[in-house]
Amino acid sequence: MARLDDARFAIQEGIAQWFARQGHPELADLADVDVPTETGHGDLTTSVCLRAAKPMRTAPQALAQPLAEFLRQSIPMLASVEAAGPGFLNFTLQTPWLAQVVNDIRVQGPQYGHNDAGQGQRVLIEFVSANPTGPLVIVSGRAAAVGDAMARIMNVSGYHADREFYVNNAGNQIGKLGHAIFLRIQELQGHIIEEWPEGVYPGEYVIEVARQYLKQHPAFVAEQPTPDTLWMLGQYGAEVLRSEQEQVLKTFGVTFEHWTFEKDLRDQQAPEHIVQRLEDLGVVQEAEGAKWFMSTRFGDDKDRVLVKSDGTYTYFVPDAAYHAQKFERGYDWVIDLLGPDHHGYIGRMRALVTALGYAPDHFDVMIIQLVRLVRDGELVRMSKRGGQFVALADLIEEVGVDAARFFFLERAPNTPMDFDLGLAELKSNDNPVFYIQYAAARIHSVLRQWRESVHAELIWEPALLSQPLERRLLFVLARYPDIVRRAALDRAPQYLPKYLTELAQAFHSFYRQHRILDEAPAVTMARVALCEATLSVLSLGLGLLGISVPEHM
RNA sequence: GUCCCCGUAGCUCAGUGGAUAGAGCGCGGGACUUCUAAUCCCGGCGUCGCAGGUUCGAAUCCUGCCGGGGACACCA
């Protein structure tokens with residue numbers, strides 16, 4: 001149990017007791033106890049008097065005074081309880097009690113911040129899932145950073161989260177890729193390609209794939225582009241490109257527990273099965289020569305075609321089969337990270353989940369908005385279609401994994417972002433990643449000198465951490481478990497970068513104001529303990545983001 | 001036309017129905033013979049797009065409107 005929660009529960013308990021004594025036990029539910037948004041309103045605050053005044057037919061202030069008095073006397077870890085403003089109660093924690101958070105952090109070690117928000121539920125997070133027809137682009141990096149961080153955050157929040165990459169290696173685009181490879185091979189074998197057919201990838205990277213194929217199959221001669229040949233080349237290219245994507249993601253610190261291939265699902269006749277299953281449920285009808293899923297019955301805008309009049313499936317069918325399979329695999333939560341162009345897809349997929357009898361509110365879609373690259377205030381153009389684009393691999397090479405991940409995670413996933421290349425490259429105070437890492441490096445440096453020095457081993461004394469800047473740092477450290485839990489429940493990884501910036505700031509202020517090593521031994525001991533705790537939380541938090549913790553900078 | 005997301009400080013953005021709406025950047029000033037100055041300290045009057053509504057209380061919830069972006073295929 002986290003320290004701040006202990007205080008929160010003690011206060012809620014006290015409030016419940018007091019309301020019970022007033023003959024209103026039901027009002028205890030109104031007791032919110034939160035960290036105030038503004039400093040100067042205590043460590044924790046409640047608006048319960050404002051909420052309870054009406055049902056009790058009295059003024060908030062009339063409740064605040066006696067309740068404050070009661071809580072002051074009944075809750076030991078409180079230093080003060082103040083009635084303030086229109087009827088808020090502001091609580092200040094006893095500093096030595098708060099200082100014990102340093103021990104909590106030491107004792108819990110890597111478990112600090114773990115919480116049970118997920119109650120053991122299994123979660124499948126599907127993300128990136130880029131078509132295997134080219135290198136990963138920038139927005140895939142954003143999805144990778146967000147999906148991976150969400151998995152890490154949920155895994156310390158009582159969920160069992162798995163990461164999954166879905167490979168669309170069975171659709172038309174594979175044929176087009178095959179065609180592009182075929183044409184490139186022809187080029188390499190001396191043909192001149194007059195013009196590129198519509199829809200065939202002209203990207204330069206295809207030349208490399210073609211070259212590689214020829215190296216492995218020197219006898220191949222590109223003459224007739226038969227469907228079989230194009231399909232075979234497409235499969236070959238898809239696997240080469242998918243494998244390159246996997247490597248780039250690995251460099252980026254992102255690995256997947258599962259890779260699911262559309263082709264495997266097709267081979268297992270999953271599309272046939274899902275159509276059959278929907279037919280058995282009586283939610284399919286034929287019209288205009290096609291088979292339709294009556295998704296409007298389940299809240300969708302319009303019904304969706306499953307089987308076209310030419311007898312082939314729409315892309316929705318394999319996707320539907322895939323999502324059904326996710327739930328069948330025993331996941332309690334299915335989370336998809338999708339691009340903004342897919343939001344129309346949410347309604348039909350949720351309708352499907354509902355039709356199949358799974359819990360639609362356990363199907364979450366996080367929309368990952370577009371990323372625009374900016375340098376010196378100007379847009380850096382990227383366009384996959386034109387064959388020129390900025391690849392994720394280039395971005396990583398240019399700004400490094402840590403800066404890239406931090407910038408992607410800093411903002412709410414579902415708002416469009418400008419990625420400032422100039423700022424990310426900067427190894428200076430303006431770069432927020434270095435600001436946080438610098439705090440860790442400073443602590444490492446201090447602790448190194450501490451270990452190398454001659455000193456007595458004392459038990460550190462919490463009462464010695466009483467300076468305002470020490471207290472501020474203690475309080476930020478105590479908030480960490482809350483931040484992690486909220487990030488997990490709200491699916492909001494951006495809470496962590498913000499928190500870590502605050503933590504680094506609290507540390508830098510403290511460090512600038514106070515000496516650590518050349519104080520009286522007992523003071524040094526307490527501050528060393530505080531530094532260790534800070535380093536520990538910085539490391540845990542950066543770890544959840546997949547960002548390194550340097551010992552030197 | 002229908003639906004979704006977004007409009008908050010010069011810029012980039014936080015903001016969980018609560019108090020005087022906050023950070024970073026930029027700009028100006030100051031601080032190192034001291035454990036890493038990649039740091040710290042000081043400086044913030046903004047129609048929270050507009051108008052209604054709900055509420056003791058709204059940037060936050062509801063309705064309408066304005067502006068920006070996106071989605072609305074028997075394409076994937």
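Just so we're on the same page: letters track the sequence lines, and every chain starts at 1.
Within the 4.5 Å cutoff, the side chain of A:Pro521 has heavy atoms near those of the A:Leu458 side chain. Looking only at side-chain heavy atoms (C-beta outward), A:Asp300 and A:Met294 stay at 4.5 Å or farther from each other. No side-chain heavy atom of A:Phe298 sits under 4.5 Å from any side-chain heavy atom of A:Leu352.
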Could you go over nucleotides 69-76 of chain B and give all protein N or O partners under 3.5 Å, atom names and distances?
residue	atom	partner	partner atom	Å
B:G70	N2	A:His343	NE2	3.4
B:C72	O3'	A:Lys302	NZ	3.3
B:C72	O2'	A:Lys302	NZ	3.2
B:A73	OP2	A:Lys302	NZ	3.0
B:C74	O2	A:Ser309	N	2.8
B:C74	O2	A:Ser309	OG	2.9
B:C74	N3	A:Ser309	OG	3.2
B:C74	N4	A:Glu288	O	2.5
B:C75	OP2	A:Lys308	NZ	2.9
B:A76	OP1	A:Lys308	NZ	3.3
B:A76	OP2	A:Tyr315	N	3.2
B:A76	O3'	A:Gln173	OE1	3.3
B:A76	O2'	A:Gln173	OE1	3.2
B:A76	N6	A:Tyr315	OH	2.4

Enumerate the protein-to-nucleotides 66-68 of chain B contacts in which both atoms are nitrogen or oxygen and the separation is below 3.5 Å.
none

Quick test: give all pairs of protein nitrogen or oxygen and nucleotides 14-18 of chain B nitrogen or oxygen below 3.5 Å, distance rounded to 0.1 Å.
residue	atom	partner	partner atom	Å
B:A14	OP1	A:Ala412	N	3.4
B:A14	O2'	A:Lys498	NZ	3.3
B:U16	N3	A:Arg486	NH1	3.4
B:U16	O4	A:Arg486	NH1	2.7
B:G18	N7	A:Ser47	OG	3.3
B:G18	N7	A:Arg51	NH2	3.3

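Taking atom C1' on both B:G44 and B:C61, the two are 29 Å apart, rounded to the nearest angstrom. Nucleotides B:U54 and B:A73 are separated by 39 Å at their P atoms, to the nearest Å. Taking the P atom of each, B:C13 and B:G53 are spaced 33 Å apart, rounded to whole Å. With P as the reference atom, B:G52 and B:A58 are 14 Å apart, rounded to whole Å. Nucleotides B:A19 and B:G29, compared at atom P, are 35 Å apart to the nearest Å. With P as the reference atom, B:C5 and B:U60 are 15 Å apart, rounded to whole Å. Rounded to whole Å, the separation between the P atoms of B:A9 and B:C45 comes to 14 Å. Rounded to a whole angstrom, the distance from the C1' atom of B:G57 to that of B:U12 is 31 Å.
Among residues at least two apart or in separate chains, ring-ring contact (aromatic ring centres under 6.0 Å, His included) pairs with a member in residues 305-324 of chain A are A:Tyr166-A:Tyr322, A:His323-A:Phe363. Counting only residues at least two apart or in different chains, ring-ring contact (aromatic ring centres under 6.0 Å, His included) contacts with residues 26-47 of chain A are absent.
Rounded to whole Å, the distance from CZ on A:Arg442 to C1' on B:A37 is 7 Å. Rounded to whole Å, the distance from CE on A:Met366 to C1' on B:C4 is 17 Å. Taking atom CD of residue A:Gln505 and atom C1' of nucleotide B:A37, one finds them 16 Å apart after rounding to whole Å. Between A:Ile367 atom CD1 and B:C3 atom C1' the separation is 13 Å, expressed in whole Å. For the pair A:Leu338 CG and B:C4 C1', the interatomic distance rounds to 13 Å; values are reported in whole Å. Rounded to an integer number of Å, the gap from NE2 of A:His41 to P of B:A21 is 11 Å. As a whole-Å value, the separation of A:Phe406 CZ from B:C13 C1' is 12 Å. One atom, CG of A:Leu535, and another, P of B:U36, lie 14 Å apart when rounded to the nearest Å.
Side chains of A:Glu82 and A:Asn90: a donor-acceptor N/O pair is absent below 3.5 angstrom, by distance only. A side-chain donor from one of A:Asn115 and A:Ser157 sits under 3.5 Å from a side-chain acceptor of the other. Looking at A:Asp402 and A:Gln437, their side chains do bring a donor and an acceptor atom within 3.5 Å of each other. A:Asp32 and A:Ser47 share a donor-acceptor pair across their side chains, judged by distance under 3.5 Å alone.
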Please tabulate, for side-chain N and O atoms in residues 503-512 of chain A, each donor-acceptor pair with protein atoms closer than 3.5 Å (sequence neighbours left out).
residue	atom	partner	partner atom	Å
A:His508	ND1	A:Arg442	NH1	3.0
A:His508	NE2	A:Tyr435	O	3.1
A:Ser509	OG	A:Gln505	O	3.2

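No engagement by A:Asp482 is indicated, since no non-hydrogen atom pair under 4.0 Å with the nucleic acid exists. Residue A:Thr312 is classed as having no contact, given no heavy-atom separation below 4.0 Å to the nucleic acid. Among the protein residues, A:Glu551 comes within range of the nucleic acid bases, having at least one heavy atom under 4.0 Å from a base atom.
Contacts of A:Phe261 classified as ring pair (Phe, Tyr, Trp, His ring centres under 6.0 Å), with partners at least two apart in sequence or in another chain: none. Under the salt bridge (charged side-chain N to carboxylate O under 4.0 Å, His left out) criterion, A:Asp34 pairs with no residue at all, not counting sequence neighbours. Applying the ring pair (Phe, Tyr, Trp, His ring centres under 6.0 Å) test to A:Trp259 and every residue at least two apart in sequence or in another chain returns A:Phe165, A:Phe256. Checked against side-chain hydrogen bond (donor to acceptor under 3.5 Å, both in side chains), A:Gln369 has no partners two or more places apart in sequence or in another chain.
In this structure, the separation between OG1 on A:Thr296 and CZ on A:Arg304 is 9.5 Å, given to the nearest 0.5 Å.
Residues from residues 506-518 of chain A with heavy atoms under 4.0 angstrom of RNA chain B, sorted by number: A:His508, A:Ser509, A:Tyr511, A:Arg512, A:His514, A:Arg515, A:Ile516, A:Leu517.
Here the rule is side-chain contact (heavy atoms from CB on, under 4.5 Å) with A:Ile436, and of A:Val549, A:Leu500, A:Leu545, A:Ile547 only A:Leu500 fits it.
Ranking B:A19, B:U36, B:C5 by closeness to the A:Gln449 side chain, first place goes to B:U36. Nearest to the side chain of A:Asn414, among B:C5, B:A19, B:U36, sits B:C5.
In this structure, A:His444 and A:Ala84 both approach RNA chain B, and ranking their closest nucleotides by distance from the 5' end singles out A:Ala84.
A donor-acceptor contact shorter than 3.5 Å links the side chain of A:Arg491 to the backbone of A:Ala488. Between the side chain of A:Arg266 and the backbone N or O of A:Pro271, no donor-acceptor pair lies under 3.5 Å.
Checked by distance alone, A:Thr501 brings no side-chain donor or acceptor within 3.5 Å of a matching partner on the base of B:A23.
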Exercise. So what is the 5' to 3' dot-bracket string for RNA chain B, if pairs are Watson-Crick or G-U wobble with both distances under 3.5 Å, crossing pairs use [ ] and | means the partner sits on another strand?
Worked result: (((((((..((((....[...)))).(((((.......))))).....(((((..]....))))))))))))....

